[in-house]
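Reviewing the structure listed below.
Proteins get letters first, then strands, A, B, ... in listed order; numbering begins at 1 in each. Scope of the values below: all heavy atoms of this structure, side chains included, with no hydrogens, waters or symmetry mates.
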Amino acid sequence: MFVNELREGVCKEWTQELKTMAGFQEPPIKKAKNDRSVDLNANTSQAPTQPSPSQAANGHLKARDSSASFQNLKHKNPHKRSPQKAKNPEHLRNLLSQRHALPIFPARARLLEEFKKHQTVIVIGETGSGKTTQIPQYIHEERLDRKGGICITQPRRVAAISIAKRVAEEMDTNLGGLVGYSVRFEEAVCPATKVKYVTDGMLLREAISDPLLSKYSWILLDEAHERTINTDVLFGIVKDAQKTRRSTPGQDPLRLLIMSATMDVDHFQPGRQHPIEMFYAKKQQEDYVMATMTTVFQIHREAPPRHDILLFLTGQEEIDSVTANLRQIAKDGSLAECPRLRVLPMYAALPAHQQLDVFRPTAEGERKVIVSTNIAETSITIPGIRFVIDCGRAKVRTYHPGSGFDALKVRKISQAQAWQRTGRAGREASGNCYRAYTRAEFDAMDVNPTPEILRSNLSSVMLQLLAMGIKNVVTFDFIDKPSAEHLEAAMVQLTFLGAVVIKSDCLELTEAGRKMAQFPLEPRYAKVILSGPEHGCTDEVLSIISMLSSESIFVNPAGKKEQAAIARRKFTSVEGDHITLLKVFRAFKAAKKNKMWCHENFLNFRNLMYATEVRKQLVQVCERCGVALTSCQQKTDSVRRCLATGLFTSVAELQLDGKYLTLDTKQEAALHPTSALFGGKPAYVLFTELVLTGKAYMHLNSIVDPQWLHDIAPEYFRKKHVKR
DNA sequence: GAGCACTGC
């Protein structure tokens with residue numbers, strides 16, 4: 001490709017809109033309320049976090065943050081003081097004045113009044129308004145928590161921990177005393193804990209053993225706008241518990257606060273955001289990759305050096321090819337007058353040192369162009385960006401119940417994501433954002449991304465709901481109801497696994513199902529563990545499933561592919577990937593969990609340590625459920641047989657033409673090139689995951705014996721005409 | 001012969 005082609009490119013005309021996007025005299029972005037209409041029952045009200053009459057009339061308020069003290073709370077704990085210093089009266093006075101300066105403070109009395117009047121209250125205010133740290137304290141100060149504690153959920157672990165630390169400090173108590181937290185693998189609580197910050201997943205676990213959440217008199221679901229699958233499910237659970245407690249004599253009422261931020265203010269906070277000029281494509285672009293590349297050079301010709309560009313594209317392949325093209329074109333003579341162009345790719349699979357390259361400051365007379373996936377949308381912040389170019393698309397993983405596929409497809413992003421990308425241009429100074437789509441296309445985008453619960457396999461959710469005593473999952477109060485097909489598929493899977501039986505049109509949990517729900521795992525993996533004693537290999541399957549719960553174990557550094565392949569061969573098993581993982585785990589243990597050993601063997605130390613933690617927890621659940629910890633040592637075919645008890649609906653059969661068809665839904669599928677079985681042609685393979693990318697690939701596969709399949713589920717496999 | 005990105009129990 002040549003510069004001339006780009007000069008004549010399709011996207012050189014832009015319409016300019018929204019002169020300044022983030023001025024904050026007026027909220028710059030007019031959007032629909034970000035939270036979905038939350039079903040308000042009769043005794044529900046919406047309380048503003050600031051008693052401004054005009055905004056109160058609007059039903060909710062976008063509080064403005066005048067103090068910057070909380071803004072980075074999510075990312076780091078800003079209080080690295082010694083505990084002794086907390087007793088320092090001056091420090092305490094300082095903390096108190098900070099609390100009083102928060103936007104939420106003037107609304108304190110009004111909020112408490114609403115809390116006393118209504119059992120469910122929705123509080124909308126931006127991050128930094130103080131709702132997460134202050135509201136629990138207000139409730140405690142008013143002694144409204146006498147009959148039970150306050151539990152505040154967070155979608156992320158770090159947030160739960162760091163906010164608990166801050167609140168303990170403000171309340172001048174030790175963390176783990178009056179104020180505590182509880183996340184997986186880590187907690188700081190005691191019987192006297194009244195204010196507890198937890199991850200949403202943690203509270204969901206708690207609800208399995210105590211569906212009425214009887215320890216608490218207050219549940220605060222924070223960051224509800226993020227619509228994580230756990231917060232969504234909790235919403236229904238808590239409402240259910242509230243109803244039951246209300247109608248049960250002797251039960252204390254359960255009070256529910258839904259706390260949500262609106263995306264616009266949340267992501268464009270004063271002090272963190274400079275004005276951004278917006279540009280839309282004048283007409284619809286046929287080739288968005290080409291359009292964005294054209295724009296790079298338009299900017300490059302005009303903008304001063306060190307005004308860096310962040311270009312959002314969808315995936316690794318696209319990014320690598322665009323990076324190569326841009327580097328090639330940058331050598332063109334007509335660009336001699338321009339700053340030197342440094343083009344850098346950015347995506348999760350990139351080796352760590354290459355990822356770090358994007359953070360290196362731009363040199364004098366140079367310009368950086370970062371070509372990134374949506375990893376740069378939220379997860380990382382790159383300094384120096386003055387221009388954002390947005391292709392308007394991203395890859396989204398969606399589960400398809402009909403075929404059992406997880407599809408990884410390029411889709412239009414939502415308006416909320418588009419604004420998130422835009423915001424990346426104005427972190428340090430005023431910036432510009434070029435959208436490679438028209439204003440009309442933008443308007444046609446969804447306001448928010450599809451909630452996770454509508455894109456997921458629901459078998460875990462359904463098992464959890466049943467374990468909490470929710471009889472009819474179909475009538476459960478979902479904020480967004482999953483389709484009948486999704487619910488049906490989960491029901492079928494749970495039936496196959498022997499977790500439920502259908503009795504008089506209702507699902508009933510079996511004894512095995514009740515045990516399966518105890519495991520923090522997908523039901524099919526829990527089933528494998530329950531089958532452990534029968535096959536004498538609990539120990540082995542625990543290791544394998546812990547490894548499957550972890551991120552990738554193998555490291556593939558660029559330039560050392562050969563050595564990595566040699567190292568990997570030591571662990572590779574002809575039986576497949578599961579036994580390969582088992583061999584790695586055993587070797588890791590034998591090497592005494594040594595970091596250097598991992599490095600030498602191209603294994604990811606952190607992820608192996610994580611697997612070790614998961615395994616420890618699973619062992620505890622086994623002990624609690626009476627699952628015997630048997631071991632088969634070298635009899636690895638028992639291990640594979642055991643795996644098949646939970647994964648038997650994920651089997652593919654070799655056809656005469658050398659391709660594989662899944663037995664369940666007759667989909668064509670191929671062994672993934674990273675599989676230990678790749679290149680071989682076993683008659684039957686068991687796969688862990690089926691992902692549709694270029695084509696349908698089976699990930700993490702093992703050889704299975706068809707006879708085992710008939711032993712495990714005779715009727716199912718007779719129908720599938722599997723030869724023994 | 002191929003890998004969107006997170007989070008969580």
Side-chain angles (χ1 to χ4, degrees), chain A residues 74 153-160 182-187 198-209 223 226-234 312-320 345-351 355 372-380 391 393-398 406-411 413 417 420-421 449 452-453 455-456 460-461 463-464 467 516-523 525-526 545-546 549-552 554-556 558 561 565 610 613-614 616-618 620-621 670-675 677-679 689 691-700:
Chain A
K74 270 187 190 170
T153 68
Q154 292 294 318
R156 283 166 293 278
R157 296 164 50 94
V158 272
S182 175
V183 300
R184 192 181 191 180
F185 305 135
E186 209 182 319
E187 71 172 10
V198 304
T199 45
D200 49 13
M202 203 67 186
L203 187 61
L204 211 49
R205 283 272 129 209
E206 243 180 88
I208 292 175
S209 50
E223 311 286 10
E226 288 194 22
R227 303 295 310 275
T228 69
I229 195 165
N230 289 338
T231 304
D232 267 27
V233 173
L234 273 173
F312 284 103
L313 290 174
T314 64
Q316 181 178 331
E317 221 177 69
E318 207 172 78
I319 287 167
D320 284 342
M346 181 72 210
Y347 41 81
L350 211 60
Q355 287 192 0
S372 173
T373 60
N374 47 7
I375 191 168
E377 202 174 287
T378 49
S379 310
I380 61 162
C391 76
R393 290 158 178 85
K395 280 193 184 170
V396 182
R397 191 179 182 121
T398 308
D406 271 319
L408 206 49
K409 282 247 171 82
V410 174
R411 291 251 175 277
I413 58 171
Q417 284 171 286
Q420 179 67 34
R421 290 179 175 189
E452 198 184 358
I453 198 162
R455 296 185 287 114
S456 311
S460 292
V461 164
L463 184 65
Q464 280 164 11
M516 283 158 70
Q518 301 299 309
F519 286 88
L521 291 171
E522 282 177 46
Y525 295 152
I545 283 161
S546 304
S549 306
S550 169
E551 286 296 308
S552 68
F554 297 102
V555 180
N556 262 323
K561 288 220 156 51
Y610 179 84
E613 283 293 308
V614 173
K616 232 187 273 171
Q617 192 185 24
L618 296 180
Q620 283 169 11
V621 181
L671 291 164
H672 195 268
T674 57
S675 174
L677 299 181
F678 182 76
E689 211 183 16
V691 181
L692 184 69
T693 47
K695 51 182 172 177
Y697 284 104
M698 299 181 279
H699 292 254
L700 297 161

Task: Charged N-O contact under 4.0 Å between A:Arg156 and A:Glu226 - done: yes
Task: Rounded distance (Å) that lies between atom P of B:dC6 and atom CG of A:Asp406 - done: 17 Å
Task: Protein-nucleotide distance (A:Met346, atom CE; B:dG3, atom P), rounded to Å - done: 19 Å
Open item on the list: Measuring from the side chain of A:Met202 (C-beta onward, heavy atoms only), which nucleotide among B:dG3, B:dG8, B:dC9 has the closest atom?
Closed with: B:dC9
Task: Most 5' of A:Thr373 and A:Val183 on DNA chain B, judged by nearest nucleotide - done: A:Thr373
Task: Charged N-O contact under 4.0 Å between A:Glu186 and A:Arg157 - done: yes
TODO: When you get a sec, tell me which of B:dG3, B:dG1, B:dG8 is the closest nucleotide to the side chain of A:Gln316?
DONE: B:dG3
Open item on the list: Looking only at the side chain of A:Ala348 (C-beta and beyond, no hydrogens), which of the listed nucleotides B:dC6, B:dG3, B:dG8 gets closest?
Closed with: B:dC6
TODO: Using only side-chain N and O atoms of A:Tyr697, determine if any of them is under 4.0 Å from OP1 or OP2 of B:dA2.
DONE: yes
- [ ] Nearest whole angstrom, please: distance from the C1' of B:dC4 to the CD of A:Glu317.
- [x] 13 Å
Task: Of A:Arg397, A:Arg455, A:Lys395, the residue whose pairing with A:Asp406 passes salt bridge (charged side-chain N to carboxylate O under 4.0 Å, His left out) - done: A:Arg397
- [ ] Could you tell me whether the phosphate oxygens of B:dG8, OP1 or OP2, come under 4.0 Å of any side-chain nitrogen or oxygen in A:Thr199?
- [x] no
Open item on the list: If you compare every side-chain N and O of A:His672 against the phosphate oxygens of B:dG1 (OP1, OP2), does one of them come in below 4.0 Å?
Closed with: no
Open item on the list: Let me spell it out: for each of A:Pro155 and A:Tyr347, pick the nucleotide of DNA chain B with the closest heavy atom. Which residue's pick is nearer the 5' end?
Closed with: A:Tyr347
- [ ] Scan A:Leu408 against the nucleic acid and name what it touches under 4.0 Å (heavy atoms): base, sugar-phosphate only, or nothing.
- [x] base
Task: Separation of atom CD in A:Glu551 from atom P in B:dG8, rounded to whole Å - done: 11 Å
Open item on the list: With a cut-off of less than 4.0 Å, is there a side-chain N or O of A:Thr693 near OP1 or OP2 of B:dG3?
Closed with: yes
Open item on the list: Rounding to an integer number of Å, can you tell me how far A:Gln355 CD sits from B:dA5 C1'?
Closed with: 12 Å
TODO: Round to a whole Å and report the spacing from CG of A:Leu671 to P of B:dG3.
DONE: 14 Å
Open item on the list: Treating A:Arg205 as the side-chain partner and A:Leu203 as the backbone partner, does any N or O pair qualify as donor plus acceptor under 3.5 Å?
Closed with: no
- [ ] Specify the separation, in whole Å, of atom CZ of A:Arg397 and atom C1' of B:dG8.
- [x] 15 Å
TODO: Without swapping roles, check the side chain of A:Gln355 against the backbone of A:Leu350 for a donor-acceptor pair under 3.5 Å.
DONE: yes
TODO: Output yes when at least one side-chain N/O atom of A:Arg157 is less than 4.0 Å from OP1 or OP2 of B:dC9, else no.
DONE: yes
Open item on the list: Just the rounded figure in Å: distance from P of B:dA2 to CZ of A:Phe554.
Closed with: 20 Å
